[in-house]
Amino acid sequence: MTATEGVTGLEHVLVLSDDIDRAAEFYARTLGLRIGDRPRLQFTGYWLYAGPMACLHVGGRASYRAHAATLGIEVPARLDGRGPVDHVAFSAADYAAISERLERAGVDPIRREIPGGGPRQLFFESPDGIRIEINVPAGARA
């Protein structure tokens with residue numbers, strides 16, 4: 001297996017909250033993360049940074065849920081055993097290679113391209129129901 005056939009790292013974790021201000025302050029205070037820049041997304045939230053990396057995203061549960069529905073992704077209204085973490089995101093360098101790898105594994109992901117030069121994204125669930133997101137930079141191999 002080459003480095004471009006699989007994921008290349010963990011990107012971020014999205015935590016859903018009914019009170020994003022309280023949640024962001026909690027993570028900043030308890031973990032030493034810094035609240036920083038966040039692109040204009042279709043749901044409310046914060047990005048928290050460890051150094052240069054926005055490793056923890058806090059999203060407003062209701063607004064994220066409404067946005068996710070437009071993508072065909074179901075998000076529970078309240079915690080129901082799934083937990084407060086919505087998904088784990090990884091980065092990859094080669095969209096075709098990671099897509100083929102998923103296909104070989106029998107995974108049919110939801111595909112999305114972020115407008116304005118953002119990454120191409122793949123969403124799917126693990127056998128345990130954990131949502132996985134893979135981001136491939138826009139300029140990466142097709």
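Note that the structure is a prediction, hence the values are computed from the model and not measured.
Listed by chain and residue number, nothing satisfies the side chain to side chain contact (heavy atoms under 4.5 Å, CB included) test with A66 (two or more places apart in sequence, or in another chain). Partners of F26 according to the side chain to side chain contact (heavy atoms under 4.5 Å, CB included) rule, which considers only residues two or more places apart in sequence or in another chain, are R29, T30. Partners of H12 according to the ring-ring contact (aromatic ring centres under 6.0 Å, His included) rule, which considers only residues two or more places apart in sequence or in another chain, are H57, H87. Evaluation of the salt bridge (charged side-chain N to carboxylate O under 4.0 Å, His left out) rule for R40 yields no partner, not counting sequence neighbours. The side chain to side chain contact (heavy atoms under 4.5 Å, CB included) search around P52 returns none, not counting sequence neighbours. Remark: H67 engages F43 in a ring-ring contact (aromatic ring centres under 6.0 Å, His included) (not counting sequence neighbours). Residues passing the side chain to side chain contact (heavy atoms under 4.5 Å, CB included) test with L102, sequence neighbours excluded: V107, P109, L122, F124. Residues meeting the side-chain hydrogen bond (donor to acceptor under 3.5 Å, both in side chains) test with R111, sequence neighbours left out: Y95, S99. Under the ring-ring contact (aromatic ring centres under 6.0 Å, His included) criterion, Y46 pairs with no residue, sequence neighbours left out. In this view, E103 satisfies the salt bridge (charged side-chain N to carboxylate O under 4.0 Å, His left out) rule with no residue, not counting sequence neighbours.
Here the straight-line distance linking atom CG of L48 with atom CE of M53 works out to 13.5 Å at 0.5 Å rounding. Considering CZ of R61 and CD1 of I20, their distance stands at 12.0 Å, rounded to 0.5 Å. Interatomic distance, D86 CG to Y64 OH, rounded to the nearest 0.5 Å: 4.0 Å.
Taking 4.5 Å as the limit, some side-chain heavy atom of Y49 sits within range of a side-chain heavy atom of R34. Between W47 and C55 the shortest side-chain heavy-atom distance does not fall below 4.5 Å. Within the 4.5 Å cutoff, side-chain heavy atoms of V15 are placed close to those of Y27.
Closest approach of A138 to G117, counting heavy atoms only: CB-O, 3.3 Å.
Of the possible polar contacts, one joining the S63 side chain to the T44 backbone as a donor-acceptor pair under 3.5 Å is found. Between the side chain of T8 and the backbone N or O of S91 there is at least one donor-acceptor pair closer than 3.5 Å.
Hydrophobic clustering, with ILVMFWY side chains joined whenever heavy atoms are under 4.5 angstrom apart, groups L33 together with V13. With hydrophobic clusters built from ILVMFWY side chains whose heavy atoms lie under 4.5 angstrom apart, I114 does not share a cluster with L41.
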- Message: With salt bridge (charged side-chain N to carboxylate O under 4.0 Å, His left out) as the criterion, how do E125 and R131 come out once you've worked through the C-alpha distance, each side chain's angles and the decisive distance to 0.1 Å?
- Response: CA-CA 4 Å; E125 289 191 3; R131 184 166 302 118; 3.6 Å; yes

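Across Q121, Q42, R112, a single residue satisfies side chain to side chain contact (heavy atoms under 4.5 Å, CB included) together with L71, and that is R112.
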